[in-house]
Amino acid sequence: NAGVTQTPKFQVLKTGQSMTLQCAQDMNHNSMYWYRQDPGMGLRLIYYSASEGTTDKGEVPNGYNVSRLNKREFSLRLESAAPSQTSVYFCASSVTAGLLYEQYFGPGTRLTVT
Amino acid sequence: EDQVTQSPEALRLQEGESSSLNCSYTVSGLRGLFWYRQDPGKGPEFLFTLYSAGEEKEKERLKATLTKKESFLHITAPKPEDSATYLCAVKTSYDKVIFGPGTSLSVIP
């Protein structure tokens, strides 16, 4: 099992450019999440998908869109990148969102917007 | 406002020197508390879930405890391989998960 995989690992964008971060999990989990992690701050939830076919906003959704392509894949899109979106992005999955199941995280994508 | 804080921000220990990390929270109804370990350049790795005050969980040199307002991660006789950032996260009654900023632990041989 690969667990949670993310692509790309690193990306540099110019202000205004767009890109999609890809995430896939092979654990047959129902719920998937996108977080950003900034120095001195905790992980902050951008969007989540409690189950295939549903998506919901988290704490910091502005400037992002998501797609739950199927049960395995959950992508995050930046339509017009801004320097404030420079961060490390983590995808995570869990058995289900409704109960106290732990989340499994991918290795992260380090994004720099210049 | 729901909030999770961790202290200290950074901790430097000699190998074998036991200590504790703190996670304090003010949330509207605690449904559970998670501890994660994060190595540099990697995603967080799950360690423990605690559900109610008085509960304790152990794994190797780590023991997590929970009270009504805080959780402690006790590290007994740490080794250099325990060096990492330790994150705690709280699940609220609204099904929201809030992460603390983490404690960076360095264990010196």
Side-chain angles (χ1 to χ4, degrees), chain A residues 2-10 21 23-25 27 29-51 54 56-61 74 87-111, chain B residues 1-10 21-52 55 57 59 62 64 66 71 84-104:
Chain A
V4 179
T5 58
Q6 293 183 236
T7 56
K9 290 187 178 179
F10 301 93
L21 282 64
C23 173
Q25 52 91 10
M27 295 175 283
H29 285 170
N30 288 313
S31 302
M32 298 185 74
Y33 313 80
W34 276 107
Y35 288 91
R36 60 178 289 171
Q37 186 175 41
D38 301 293
M41 303 185 74
L43 287 155
R44 292 183 293 168
L45 184 64
I46 304 171
Y47 270 94
Y48 68 100
S49 170
S51 61
T54 69
D56 285 288
K57 295 179 180 179
E59 183 184 352
V60 289
F74 189 38
S87 188
V88 182
Y89 291 86
F90 290 100
C91 177
S93 70
S94 65
V95 171
T96 179
L99 297 175
L100 290 169
Y101 288 106
E102 64 272 16
Q103 296 177 355
Y104 293 84
F105 286 82
T109 294
R110 281 141 190 85
L111 175 66
Chain B
E1 182 186 350
D2 295 332
Q3 192 173 15
V4 177
T5 59
Q6 292 186 247
S7 63
E9 186 175 324
L21 313 182
N22 176 266
C23 172
S24 296
Y25 57 90
T26 50
V27 297
S28 49
L30 176 74
R31 295 194 62 203
L33 185 143
F34 304 92
W35 281 99
Y36 290 85
R37 170 193 169 122
Q38 186 174 22
D39 292 302
K42 296 190 176 180
E45 177 186 346
F46 170 75
L47 291 173
F48 303 109
T49 306
L50 301 167
Y51 295 98
S52 57
E55 189 174 0
K57 293 258 178 95
K59 181 179 180 179
L62 301 177
L66 181 64
S71 176
T85 295
Y86 291 86
L87 306 172
C88 75
V90 168
K91 187 150 190 176
T92 73
S93 57
Y94 297 114
D95 270 353
K96 184 178 171 184
V97 176
I98 305 168
F99 278 82
T103 292
S104 176

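Order of the sequence lines fixes the chain letters, A, B, ..., with proteins taken first and strands second; residue numbering starts at 1 for each chain.
- The part of Q38(B) that comes within reach of chain A is its side chain, from C-beta onward, which places non-hydrogen atoms under 4.5 angstrom from that chain.
- Between chain B and the options C91(A), G108(A), P39(A), P107(A), heavy-atom pairs under 4.5 Å are most frequent for P107(A).
- The part of R110(A) that comes within reach of chain B is its side chain, from C-beta onward, which places non-hydrogen atoms under 4.5 angstrom from that chain.
- Under the rule for a side-chain hydrogen bond (donor to acceptor under 3.5 Å, both in side chains), the partners of S87(A) that lie at least two apart in sequence or sit in another chain are D38(A).
- Contact annotation for F48(B): neither backbone nor side-chain heavy atoms come within less than 4.5 Å of a heavy atom of chain A.
- With sequence neighbours excluded, no residue forms a side-chain hydrogen bond (donor to acceptor under 3.5 Å, both in side chains) with S104(B).
- There is no contact between Y104(A) and chain B, counting heavy-atom distances below 4.5 Å.
- In terms of non-hydrogen atom pairs under 4.5 Å with chain A, the most contact-rich of P101(B), P44(B), G102(B), G41(B) is P44(B).
- Contacts between L45(A) and chain B at a heavy-atom distance below 4.5 Å are absent for every atom of the residue.
- Residue Y36(B) holds its OH atom at 5.0 Å from CZ of F105(A), rounded to the nearest 0.5 Å.
- Within 6.0 Å of NZ in K42(B) there are 12 or fewer heavy atoms belonging to other residues, nucleotides or ligands.
- Put simply, of K9(A), R44(A), Q103(A), the one with the most heavy-atom pairs under 4.5 Å next to chain B is Q103(A).
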